[in-house]
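Reviewing the structure listed below.
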Amino acid sequence: MSADDASDDPAESSPADSPHILSEESALDEGEATDDRAGETFHAFWADVVADEIVAREPDEPVVIKGGVSPSGVAHLGNFNEIMRGYFVAEALRDRGHEVRQVFTSDDRDPLRKVPRKLANADGEVVGLGEVDAGVLGRNLGVPYTSIPDPFGESESYAAHFAGLLKADADRLNVPVEMLSNTELYADGDFDEAVRTVLADADCVREVLSEYQDKVDDEYVPFNPVCEACGKVTETVTTVDLDAETVDYVCTDMDAGGNTIEGCGHEGSATFREGKLPWRLEWPAQWDVLGVDFEPFGKDHAEGSWPSGVDIARNVFGEEPPVPMVYEWFTLDGEAFSSSEGNVVTVQELLGLLEPKVLRYFFALHPKKARDLSIERLDQLVDRFDRFERAYFGEVDDPDLTAFAERAYPFVVGRPDDPPTERPVRLPYTFAAVLGMVDDPDFRERLARDEGHIPDDADADAVDAALARVEQARNWAERTGNEYDYRLQPDLPEIEFDDDIAAGLDDLADFVAAGHDGEAIQAEMYETARAHDIEVSDFFAAGYRLFFDDTQGPRLGEFLGELERDYVVDRLRREA
RNA sequence: GGGCCGGUAGCUCAGUUAGGGAGAGCGUCCGGCUUUUAACCGGACGGUCGGGGGUUCGAAUCCCUCCCGGCCCGCCA
């Protein structure tokens, strides 16, 4: 047991290797290092704390930031954590003058272990198996994702389809990330040295790995060839030929989370490029091959593959592991992301509901907090972004928020070198939802101006930008069916009113026809109701029925005041 | 059971780096906008900072302990 010479329990990594670098006082905060401490400055933005750690190691340029994921059915928001967290660190480093390369591996030589219940199509929409060629999945259990046809029949493989989704979403968020296919790295020989190192010193690998995994015994060979006969990833290597760089194998059954994927029994030979390393080795091998300096990962890795990866990196590959960073997982409307349960949302879906800046802002919040993304309360997130933005422009009396905004806002809006000098015009999200009840763009602008949300001197571009939120807020209202989900009815709803209300509506029509503004119309509704001895609520309900075919709605008078007068008059008279 | 990370107002979250006034927005309630109708404005209500103990002149913040939640401690990734 050479691995545990230094410590009593090899599984117990030293505190300095903790991946929770944002939770601890400081990995440097030991002993008397007061001079070092004095050199540290407070950072309002977590990405700078991480950047400090990276810079302290004096990495070669370009600094390499990695993320990675095994393909699954849906590229949901949670999968974006690594890309976005890495991005903000990359930007913080670039801002300090470093060259940064951000890569993201699609770990696509991994075998498909079970058929996903939901898939995302090229448009980011989540669909069930019934809408795809599910058979192609069922027939390819155990086969690397890159060798499985795209169930949508569009991309060259299932892996390519999935990687395409991630890349498209990264583009939408304007994050320059280089997608790397693990299969290609193997096929091109990038992993040759790593595989050789692992197989050449298999005893050492077993020794290190056995501290973390029970299945590692004297027979264990840390390489999984792809069977040349059936195409499945296999586990049983019989001999290793280091000179020829080949292994012999038997295609045996594989256990996949309780299910058995049957091997074909074929006995064959594979090169180092025709298989893969097990994850616990593959991850540190990626660090080595790609020269990774920083990698964020989910908390599921924090106590599992990270400690073993550190050990493997040092004792097998002879390298230092990258700066780690654990992030907490998101929930969606209070529940864990689950594509099988249908509790997923894709970046593309979200961008139909809010601006990319707002989504980027969400990822700029502190990673150690388990955050809930609530679609129902998406207005809260947008409001928080607006406040964050106002804080950047010095309009919020909150020193902490202001300090965070001053550093993070330029990154969030993607303009660290050229931050905006004027605060954009923003419509409150729920107000935008109100405007979304009517299609007419002129109506939207008039009402927004009347309510004081658009300054008189705003230029046309600023107005257009502000009004762009209306479509998103309307999509939100429709998706959630919430209290803003009303639509102005272009045609007269079928409805009967009693005589009093009918007379009141006629009077109100005359009042509108005479030309009054929204405020006056609102007031007149009360007057009219009283004059006809109608309950005010009944009269409003009649109005909502006429215009929205509903019993409730927005403040009606102001609303009617902005609409086409003839339309309002005709509708009140139940004529059109 | 063990380890790690979280727990601050009804909700969403700042504040914990470096101990000193418990905060914001939303919601709720009340009021204002001549006028009950979800947009605007003002005010109020609202917290044992998960519980307990300790250190300290002083603790959301540091230490110990317990409770709750998530993750890991099989395999896989």
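Computed over heavy atoms, backbone and side chain alike; hydrogens, waters and symmetry mates excluded. So you know, we letter chains A, B, ... as the sequences are listed, proteins then strands, and number each from 1.
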- Does the ring center of A:Phe363 lie less than 6.0 Å from the ring center of A:Phe330? yes

- Can you check side-chain contact (heavy atoms from CB on, under 4.5 Å) on A:Arg85 and A:Met325, steps first, answer last? CA-CA 9 Å; A:Arg85 304 303 192 177; A:Met325 184 190 88; 3.8 Å; yes

- Query: Roughly how far apart, to the nearest Å, are B:G27 and B:A44 at atom C1'?
  - Reply: 14 Å

- A:Phe297 and A:Trp283: ring-ring contact (aromatic ring centres under 6.0 Å, His included), yes or no, with the steps? CA-CA 12 Å; A:Phe297 46 86; A:Trp283 199 23; 5.2 Å; yes

- Task: Write down the distance separating the P atoms in B:G47 and B:A22, rounded off to the nearest Å.
- Result: 15 Å

- Across the strands shown, which category fits A:Phe404 at heavy-atom distances under 4.0 angstrom: base, sugar-phosphate, nothing? nothing

- Query: Is any side-chain heavy atom of A:Pro554 closer than 4.5 Å to a side-chain heavy atom of A:Tyr544?
  - Reply: yes

- So what's B:A44 paired with, Watson-Crick or G-U wobble, going by both distances under 3.5 Å? B:U28

- A:Ala370 vs A:Trp329, nearer the 5' end of RNA chain B by closest nucleotide: A:Ala370

- Note on the structure: Closest to the side chain of A:Leu447, out of B:G7, B:A39, B:U35, is B:A39

- Message: Looking at every non-hydrogen atom in both residues, tell me the closest pair between A:Pro322 and A:Trp287 and how far apart they are.
- Response: CD-CD2, 3.3 Å

- To the nearest angstrom, how far is A:Asn224 atom CG from B:C75 atom C1'? 12 Å

- Between B:G23 and B:C49, how far is it from one C1' atom to the other, in whole Å? 11 Å

- Message: So if I take every side-chain heavy atom of A:Ala523 and compare against B:C5, B:A14, B:U34, which nucleotide ends up nearest?
- Response: B:U34

- Query: Which value, in whole Å, describes the distance between the P atoms of nucleotides B:C66 and B:C72?
  - Reply: 23 Å

- Item | Spacing of A:Phe330 atom CZ relative to B:C13 atom P, expressed in whole Å | 10 Å

- Query: Rounding to the closest angstrom, what is the interatomic distance between B:G7 and B:U61 at atom P?
  - Reply: 12 Å

- Message: Need one value for A:Ser374: base, sugar-phosphate or nothing, where a base atom within 4.0 Å counts as base even if backbone is also close, heavy atoms only.
- Response: nothing

- Query: A:Leu488 has an atom CG; how far is it from atom C1' of B:A39, in whole Å?
  - Reply: 16 Å

- Message: Give me the distance, rounded to whole Å, that separates B:U28 from B:C11 when you measure between the P atoms they each carry.
- Response: 15 Å

- Where is the tightest heavy-atom contact between A:Leu353 and A:Gln472, given as atom of each residue plus distance? O-CB, 3.3 Å

- Query: Side-chain N or O of A:Lys276 less than 4.0 angstrom from OP1 or OP2 on B:A77?
  - Reply: yes

- As its Watson-Crick or G-U partner within any shown strand, both distances under 3.5 Å, B:G1 has B:C73

- Round to a whole Å and report the spacing from CD of A:Glu328 to P of B:G7. 9 Å

- Message: Students often get this wrong, so: under 4.0 angstrom with heavy atoms, is A:Trp283 touching a base, only sugar-phosphate, or nothing?
- Response: nothing

- Message: Looking only at the side chain of A:Asp110 (C-beta and beyond, no hydrogens), which of the listed nucleotides B:A39, B:A77, B:G74 gets closest?
- Response: B:A77

- Item | Rounded distance in Å - NE2 (A:His20) to P (B:G3) | 14 Å

- Query: Given that both distances must come in under 3.5 Å, which nucleotide forms a Watson-Crick or G-U wobble pair with B:A9?
  - Reply: none

- Taking B:A77, B:C76, B:A39 as options, the one with an atom nearest any side-chain atom of A:Arg113 is B:C76

- Kindly say if A:Lys369 contacts the phosphate of B:G7, meaning a side-chain N or O under 4.0 Å from OP1 or OP2. yes

- Message: Does B:C76 have OP1 or OP2 under 4.0 Å away from a side-chain N or O of A:Lys215?
- Response: yes

- Task: Could you please name the option among B:A38, B:C71, B:C73 that lies closest to any side-chain atom of A:Arg555?
- Result: B:A38

- Task: Determine: side-chain N/O of A:Arg371 to OP1/OP2 of B:A14, distance under 4.0 Å, yes or no.
- Result: yes

- Short side-chain N/O contact from A:Gln213 to OP1 or OP2 of B:G74, under 4.0 Å: no

- Item | Length of the line joining A:Arg280:CZ and B:G74:C1', which is rounded to integer Å | 10 Å

- Atom P, compared across B:G1 and B:U8: separation rounded to whole Å: 24 Å

- Message: In whole Å, measure the gap between the P atoms of B:A9 and B:G25 for me.
- Response: 16 Å

- For A:Asp397 and B:G15, give me the distance from atom CG to atom P, rounded to whole Å. 16 Å

- Comparing nearest nucleotides in RNA chain B, the 5'-proximal residue of the pair A:Glu451, A:Lys368 is A:Lys368

- Query: When you check every protein heavy atom under 4.0 Å of nucleotides 19-26 of chain B, what one-letter string (B, S, -) results, 5' to 3'?
  - Reply: -----SBS

- Message: Check the phosphate of B:C33 against A:Gln522, side-chain N and O only, distance under 4.0 Å to OP1 or OP2. Yes or no?
- Response: no

- Message: At 4.0 Å (heavy atoms only), tell me whether A:Gly553 reaches a base, stays on the sugar-phosphate, or touches nothing.
- Response: base

- Watson-Crick or G-U wobble partner for B:G19, using a 3.5 Å limit on both distances? none

- Starting from P on B:G74, measure out to CG on A:Leu209 and report it in whole angstrom. 12 Å

- Query: With sequence neighbours excluded, what pairs up with A:Arg555 under the salt bridge (charged side-chain N to carboxylate O under 4.0 Å, His left out) test?
  - Reply: A:Glu558

- Query: Is it true that a side-chain atom of A:Tyr145 and a backbone atom of A:Pro71 form a donor plus acceptor pair closer than 3.5 Å?
  - Reply: yes

- Query: If you check the A:Tyr544 side chain, which of B:G6, B:A38, B:C4 turns out closest?
  - Reply: B:A38

- Message: Going by side chain to side chain contact (heavy atoms under 4.5 Å, CB included), A:Val382 matches just one of A:Arg387, A:Arg469, A:Arg377. Which one?
- Response: A:Arg469

- Within the pair A:Lys114 and B:C76, is there a side-chain N or O less than 4.0 Å away from OP1 or OP2? no

- Message: Using only modelled atom types and a 3.5 angstrom limit, is any donor from either the side chain of A:Tyr486 or the base of B:A38 paired with an acceptor on the other?
- Response: yes

- Ion pair A:Arg444/A:Glu471, N-O distance below 4.0 Å: yes

- Query: Would a distance-only check, ignoring hydrogens and angles, find a side-chain to backbone donor-acceptor pair under 3.5 Å from A:Asn182 to A:Asp110?
  - Reply: no

